[in-house]
Amino acid sequence: MKTDRSKKLYERACQLMPGGVNSPVRAFRSVGRSPLFIDHAEGSRIIDADGNIFIDYVCSWGPDILGHGCPAVIRAVQERLAHGLTFGACHEGEILLAEKIRDHFPSMELIRLVSSGTEAVMSAVRAARGYTGRDFIVKFEGCYHGHSDGLLVKGGSGLLTGALPGSAGVPSGYTEATLLARYNDLSSVEELFARCGSRIACVIVEPCAANMGVVPPKKGFLEGLRSITEKHGALLIFDEVITGFRLSIGGAQQLYGVKPDLTTLGKIVGGGMPLAAYGGRREIMETVAPLGSVYQAGTLSGNPIATAAGAAAISELEKRPELYTELEIKTAKLEDAALSAGLNVNRAGSLMTVFFTNKKVTDYSSATACDTEAYSRYFGYLLENGIYTAPSQFEAMFVSAAHTEEEIEQTCQLIKAYK
Ligand code: HOZ
C-alpha cells in the first residue's frame, strides 16, 4: 500500500495542527500508524491521497448511513447553495427538518437545532439543570457525550483511545457535580440516588453505548433508568448522537421502547453536514431562551445547507423502510464471520465492534481489559487488504446502505481468514 502522499500531507499538517489532526482519534496513534489523508469518497468507498481505495466501515463515524455522496442529499445541498450559505435568521428549512425529527422522535416535543453533538449534549444538560434546579448529573463510565467540560470524566471514544481518564484544562469544580455509574449496572445508579437523589438533575446515557466499542444495554437497564429517574424527579437524557436514525428510524428509544425526557441527536440528522439537535418534553424545553432563562445560542445553528442535507437524508430513510432490515442482515453477516474466526463481537443493528478479549464486554472495565495491540494488528491487516475500520478498539464499525453484497462477502472472507 503506497502512503507517500499521505505521509507528506501529515508532515505538513503537523506543522499547523496539534498532532496534525482536527479530532484526536483520526490520528491513528493508538494503532501505531500515521493517518491516511482522504481525497474523496463515493458510496461505500473512500479513496486516499495516494489513490488507495478502501471499503469504508467508518462512514464518517456514523453520518453516512446512505453511503457517501447519496445523490438525493447532494441534490438538496446543491439546490440550497444557490440561495446563500448562512443567514443567521429564521428560514423554512429549519421547520422542515424539525418536523421530520419530531415525526420519528415523538418524545422531542420541542427541538433546538445546533451544530455539533457536543453542543447538543452540553445544552441538554443545561436545560435539565435549569428545569430541575439541581446541579448533579449522572453519567456512565465509558460513555462519551462530546468534549464539554463537565462530561469529560471517564469518557469513551478518544479518551479511551488515548487512555485518558479525563482531560487537562478542566477545573475540578467543573466535574465535581458529575457522578459516575457503571453501564448496565442499575445498582450503581441506585447507590448514587440513595446518597444524593434530591440533588441529581439528570441521568445521561448512550442507550446503546458505542464509544467504548459497541455495548448494548442489558434487558431492563434502560427501563430501570427510567423508573429510578422518575422516582427521584430527575430527568433521563438519551444521547442518541450515534444511535438516532441508526438503530431504527426512531433511534434506540423506538427500538427499546423507552421514552426519555430529553434526547440529543447528531451525525445522521445532519446528512453529513455539521448539524445536531436536542429536544424533549415541552415544559422542559420551554426553559430554553427566549422562552425561559436557560441560555444557548449559535450563529450557524439551523444552517440552511445543513438543514437541507439533514431533511434530504431523513426523507431517503423514510422512502426505504426495508433499509434497516437490510443493514441488520449485512452487519449480522460480518458478525458471523468474526465469530467463526473466533473473535469476540458485540453488535446492535448496523453497529458492531470486534473486541480483543476473551470475556463478554458489557461495561467500561470489560472494554478496557481488551488487548489494544491485538486490535492494532487486526486493524492493520484489514487496512492492508482494502478495508477501512475505526483506528481504535473503542469505536464502532458502521455499515451503510451503499455496502454491496459483494463487498460484505469480500470483508467476511478477509475476517474469516484472520489469524
Ligand atoms: N467522536 C468520534 C468518535 N466517536 C470521532 C470523530 C472524529 O475523529 O472525526
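When a ligand or atom number is given, it counts from 1 through the structure's own listing order.
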If you look only at distance, which donor and acceptor atoms sit under 3.5 Å apart when one is on a side chain in residues 11-19 and the other is two or more places apart or in another chain?
none

- Applying salt bridge (Lys or Arg N to Asp or Glu O under 4.0 Å) to Asp185 and not counting sequence neighbours gives Arg182
- List the atom of Pro216, the atom of Cys208, and the distance in Å for their closest heavy-atom pair. CA-SG, 3.8 Å
Quiz: residues 300-318 side-chain donor-acceptor pairs under 3.5 angstrom, not counting sequence neighbours:
{"unit_1": "Ser301", "atom_1": "OG", "unit_2": "Gly298", "atom_2": "O", "d": "3.4"}
{"unit_1": "Asn303", "atom_1": "OD1", "unit_2": "Ile305", "atom_2": "N", "d": "3.0"}
{"unit_1": "Asn303", "atom_1": "OD1", "unit_2": "Ala306", "atom_2": "N", "d": "3.1"}
{"unit_1": "Asn303", "atom_1": "ND2", "unit_2": "Leu85", "atom_2": "O", "d": "2.8"}
{"unit_1": "Thr307", "atom_1": "OG1", "unit_2": "Asn303", "atom_2": "O", "d": "3.1"}
{"unit_1": "Thr307", "atom_1": "OG1", "unit_2": "Pro304", "atom_2": "O", "d": "3.1"}
{"unit_1": "Ser315", "atom_1": "OG", "unit_2": "Lys100", "atom_2": "NZ", "d": "3.4"}
{"unit_1": "Ser315", "atom_1": "OG", "unit_2": "Ala311", "atom_2": "O", "d": "2.9"}
{"unit_1": "Glu316", "atom_1": "OE2", "unit_2": "Lys319", "atom_2": "NZ", "d": "3.0"}
{"unit_1": "Glu318", "atom_1": "OE1", "unit_2": "Lys100", "atom_2": "NZ", "d": "2.9"}
{"unit_1": "Glu318", "atom_1": "OE2", "unit_2": "His104", "atom_2": "NE2", "d": "2.7"}

- Item | Basic-acidic side-chain contact under 4.0 Å: Arg347, Glu328 | yes
- Message: Can you confirm if the aromatic rings of Phe28 and Tyr10 lie within a centre distance of less than 6.0 Å?
- Response: no
Between ligand 1 and the protein, give all atom pairs where both partners are nitrogen or oxygen and the distance is under 3.5 Å, as lines of names plus distance to 0.1 Å.
{"unit_1": "ligand 1", "atom_1": "4 (N)", "unit_2": "Ser157", "atom_2": "OG", "d": "3.2"}
{"unit_1": "ligand 1", "atom_1": "4 (N)", "unit_2": "Asn211", "atom_2": "OD1", "d": "2.9"}
{"unit_1": "ligand 1", "atom_1": "4 (N)", "unit_2": "Glu395", "atom_2": "OE1", "d": "2.9"}
{"unit_1": "ligand 1", "atom_1": "8 (O)", "unit_2": "Ser23", "atom_2": "OG", "d": "2.8"}
{"unit_1": "ligand 1", "atom_1": "8 (O)", "unit_2": "Arg26", "atom_2": "NE", "d": "3.4"}
{"unit_1": "ligand 1", "atom_1": "9 (O)", "unit_2": "Arg26", "atom_2": "NE", "d": "3.2"}
{"unit_1": "ligand 1", "atom_1": "9 (O)", "unit_2": "Arg26", "atom_2": "NH2", "d": "2.6"}
{"unit_1": "ligand 1", "atom_1": "9 (O)", "unit_2": "Trp61", "atom_2": "NE1", "d": "3.2"}

